[in-house]
Amino acid sequence: MAQVTAWDAEVDLLVAGAGPGGMAAALVGALEGLEVMVCEKSGQIGGTASTSAGTLWIPGNTQSRRAGYDDSPEQAEIYMDRLVGGPKGRDLRSVYLETGPAAIDYYDTRTDVQFLPCGRHPDYQQNMAGAAVTGRAIVPKPFDGRLLGEDFRLVRPPIGEFMIFGGMMVGKDDIPRLIGRFKSAANFTHSAKLFLRYLSDRLKYPRGTRIAMGNALVARLFYSLRKHKVPIRLDTAIRELVREDGRQDGRVVGAVVDSGGRTLRVRTRKGVVLATGGFAHNREFRKAFMPQPVPVHSLACETDTGDGLTLAQAAGARIDGDQHRGGAFWTPVSVTRRTGNWRGLFPHLALDRAKPGLIAVNAAGRRFVNEGASYHDFVEAMFDSHKLVPTMPAWLICDSAFVAKYGLGVVHPGTRNLAPHEKSGYLTTAPTLEDLARKIGVDPAGLADSVRRHNGFARTGSDLDFGKGDSELNRFNGDPENKPNPCLKPIEAAPFVAVAVWPAEIACSAGLATNVDGQVLGESGDPIQGLYACGNDMASIMAGTYPGPGTTLGPALVFAYRVAMHAAGKSDAAGKAMAGREERAAAR
Ligand SMILES: Cc1cc2nc3c(=O)[nH]c(=O)nc-3n(C[C@H](O)[C@H](O)[C@H](O)COP(=O)(O)OP(=O)(O)OC[C@H]3O[C@@H](n4cnc5c(N)ncnc54)[C@H](O)[C@@H]3O)c2cc1C
């Protein structure tokens, strides 16, 4: 713990990390009259969120209600209680539900961080009481990166695997229109416009400026911070916290930061906010909080090395990990081959697994999961299966007609020539299932039996083993035109195809214990004055469970709002916003 007598700078709030958690706290702080400084360890803003889908899970949000999708926060509370369970953390969950809509309205009306309702986007545990099919998910409005001018270069880009032509982002709604570009004049015009805009962008910018999803979220936060003249120091990492008079139990009164080779001592009048993205790239924390075998892949931004947790722990903070199941939020990923020796990761979130004509098997060639389950549940099933049969990797198995129609991982729909992908080592093909099994090291008899059984289910429309296609979530990601079951179709047209998938986290769940205002708690359970956490540095209120789309970004933005309000001495205003929600609910 540093003892500092001379300071280089003084602000109200010092925010460490320019991901969505940090930028949102900084933005609300600035709007509430605080003098704020953001320090960001890397050379770009956005963190992991810049590569994310950008969805927020906000039960009872105004944007959905206005669009005709009503929701009941009371039902959401029942759902969360069932899913997350236990009295521990219930206060944070309640406050989340109570503050969520008001916090989003605050961003929506007072900043450029604006949202659209997703409409139908089912919760991930459809069999649980309180689960919803519509109304809880929102996404950031797409953003025109040209508004940032030269600063657009400072926005961390999405992962290469999610862009086409080397730099063009496509939103979820663009995908069917691009695939069906020759099917209707409207689709063709839409696709042509996207392409022409992209060409003109590339004359001036390193990538397309029509941005969506998580990239739009961070760009919108950045744009708003610029408007409010909040300084963001890039290449600047928080290194140490400073306690009052150097006392171990003193208030946090500032921090030491490394800024481009210089050391700066920054005094804080109201507090330091830790929003450094969690511990994804910290080997020790991974070992401590993740299941065995500790996954080797991570989709988190490489600068998320657990700095917030390490600094807070040194200041006596408590890390909540025990109740967080696998310590993280998961997705299966396939390993892509980029040019040279580069490897990339493709997250199999929603585009292929639920579609008809694909199964996932372990080394015994046996199915172990409903392939249309959420990405998080899919990986939890991998961990379970691996206890008995090697399931790391698991294999997605389909036929070439499936790939041509729906795509597979990084292979786009419409692809008929799989040779380049096989040559690169991304996928494996074979003329028979037996050959395929031998090539990938899976039991041939097991695979043949699994495919035969699955094909029978596809013909009757009922998956008696795992219920693929039974839930709203499965059907949402399936193919509604496929009958009788939108998620089942025989796998029978050679060549057969396999791709290996591994677990990787999209975010951490274990993190710093906080109270409802994001104040970091010490081992005694009392808040450490002057120290806040949000985003993945804060232990997730979902405790390693995954209720629906937007499980981490929702809490990141809501608790960032509460942190800033508390630091500004306006927790009451956040409380009034909650009361407003109750009044609105009563008026419905
Ligand atoms: C493919 C993918 C899709 C996803 N989709 C969704 C989704 O749709 N909805 C959802 O809810 N979640 C989603 N997520 C998860 C979501 O992106 C993360 O939970 C979110 O980015 C966490 O925000 P954060 O601000 O805590 O961390 P980050 O976004 O990682 O930002 C942390 C920042 O802190 C900086 N930093 C690190 N150490 C220091 C230091 N010492 N000093 C200063 N700065 C530091 C980092 O450089 C980084 O810029 C997805 C993730 C992935 C990978």
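Everything numeric in this text was worked out from a predicted model, so none of it was measured. Both ligands and their constituent atoms are indexed starting at 1 by order of listing.
- Of the residues V266, T263, L264, L241, the one that meets the side-chain contact (heavy atoms from CB on, under 4.5 Å) test with V256 is T263.
- Of the charged side-chain nitrogens involved, at least one lies within less than 4.0 Å of a carboxylate oxygen, so that E32 and R110 count as a salt-bridged pair.
- Under 4.0 Å from ligand 1, the heavy atoms of A275 that appear belong solely to its backbone.
- The protein heavy atom nearest to atom 21 (O) of ligand 1 is A49 N, 3.0 Å.
- Nearest protein heavy-atom neighbour of atom 53 (C) of ligand 1: L299 CB, 3.5 Å.
- At least one N or O atom of D307 sits closer than 3.5 Å to an N or O atom of ligand 1.
- Remark: ligand 1 and T55 share an N or O pair separated by less than 3.5 Å (distance only, no angle test).
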task = Apply ring-ring contact (aromatic ring centres under 6.0 Å, His included) to Y375 and H348, showing your working.
result = CA-CA 7 Å; Y375 31 92; H348 293 251; over 10 Å; no

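- Taking a cutoff of 4.0 Å between a charged side-chain nitrogen and a carboxylate oxygen, D112 and R220 do not qualify as a salt bridge.
- Of all atoms in ligand 1, numbered sequentially from 1 with element shown, those under 4.0 Å from a heavy atom of G535 are 26 (O).
- Considering backbone and side-chain N/O atoms, A16 never comes within less than 3.5 Å of an N/O atom of ligand 1.
- Partner F346 forms a side-chain contact (heavy atoms from CB on, under 4.5 Å) with one of L408, T336, V335, I159 and no other, that one being T336.
- Distances from ligand 1 to the non-hydrogen atoms of G214 include no value under 4.0 Å.
- The closest approach between any non-hydrogen atom of G278 and ligand 1 is not below 4.0 Å.
- Ring-centre distance between W330 and F378: not below the 6.0 Å cut-off.
- A salt bridge is defined here as a Lys NZ or Arg NE, NH1 or NH2 lying under 4.0 Å from an Asp or Glu carboxylate O, and R65 with D71 fails to meet this definition.
- For a threshold of 3.5 Å applied to N or O pairs, the pair formed by G21 and ligand 1 contains at least one separation below that value.
- Distance from atom 14 (N) of ligand 1 to its nearest protein heavy atom, with residue and atom name: S52 CB, 3.7 Å.
- Closest to atom 11 (O) of ligand 1 among all protein heavy atoms lies L553 N, 2.6 Å.
- Scanning the protein for heavy atoms near atom 12 (N) of ligand 1, the closest one is T552 OG1, 2.8 Å.
- Using a 4.0 Å cut-off between charged nitrogen and carboxylate oxygen, D174 and R210 count as a salt-bridge pair.
- Between Y546 and Y124, the ring planes are parallel. Angles under 30° get that label, and only those over 60° would be called perpendicular.
- Checked by atom type and distance alone, the side chain of D12 pairs as donor or acceptor with a backbone atom of E35 at under 3.5 Å.
- Residue G46 has at least one heavy-atom neighbour below 4.0 Å for each of these atoms of ligand 1: 29 (O).
- In the vicinity of T48, heavy-atom distances shorter than 4.0 Å reach the ligand 1 atoms 17 (O), 21 (O), 28 (P), 29 (O), 30 (O), 53 (C).
- Residue-level proximity to ligand 1 for D537 is absent, since no heavy atom of it falls below 4.0 angstrom.
- Each of the following atoms of ligand 1 lies closer than 4.0 Å to a heavy atom of T51: 1 (C), 2 (C), 53 (C).
- For atom 44 (N) of ligand 1, the nearest protein heavy atom (residue, atom name, distance) is K41 N, 3.1 Å.
- An N or O contact shorter than 3.5 Å is missing between L349 and ligand 1 by distance.
- Of the candidates F152, F222, Y223, F143 forms a ring-ring contact (aromatic ring centres under 6.0 Å, His included) with just one, namely Y223.
- Proximity to T303 (heavy-atom distance under 4.0 Å) selects the following atoms of ligand 1: 37 (C), 38 (N), 46 (C), 47 (O).
- Of the charged side-chain nitrogens involved, none lies within less than 4.0 Å of a carboxylate oxygen, so that E10 and K270 do not count as a salt-bridged pair.
- At a 3.5 angstrom cut-off on N or O pairs, C301 does not count as close to ligand 1.
- The pair D81-R93 meets the salt-bridge criterion, since a charged nitrogen lies less than 4.0 angstrom from a carboxylate oxygen.
- Ranking the protein heavy atoms by distance from atom 51 (C) of ligand 1 puts I506 CB, 3.4 Å first.
- Looking at E371 and K355, no side-chain N of the basic residue comes within less than 4.0 Å of a carboxylate O on the acidic one, giving no salt bridge.
- In this pair, W57 and Y96 present their aromatic rings parallel. The plane angle is below 30°, not in the 30 to 60° band.
- Contact check on R226 versus D151 returns a salt bridge, with a Lys/Arg side-chain nitrogen under 4.0 Å from an Asp/Glu carboxylate oxygen.
- Contacts between T551 and ligand 1, counted as non-hydrogen atom pairs separated by less than 4.0 Å, involve the backbone only.
- Any N or O atom pair closer than 3.5 Å counts here, and G54 shares at least one such pair with ligand 1.
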- I would like to know whether T99 and Y561 meet side-chain hydrogen bond (donor to acceptor under 3.5 Å, both in side chains); could you show each step before the answer? CA-CA 9 Å; T99 320; Y561 166 82; over 6 Å; no

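- The closest approach between C39 and ligand 1 falls below 4.0 Å for a heavy atom of the residue.
- Ligand 1 has a nitrogen or oxygen under 3.5 angstrom from a nitrogen or oxygen of I238.
- Near G550, with a cut-off below 4.0 Å to any heavy atom, the atoms of ligand 1 are 9 (N), 10 (C), 11 (O).
- The shortest heavy-atom distance from A280 to ligand 1 is not under 4.0 Å.
- Protein heavy atom in closest approach to atom 30 (O) of ligand 1: D304 OD2, 2.6 Å.
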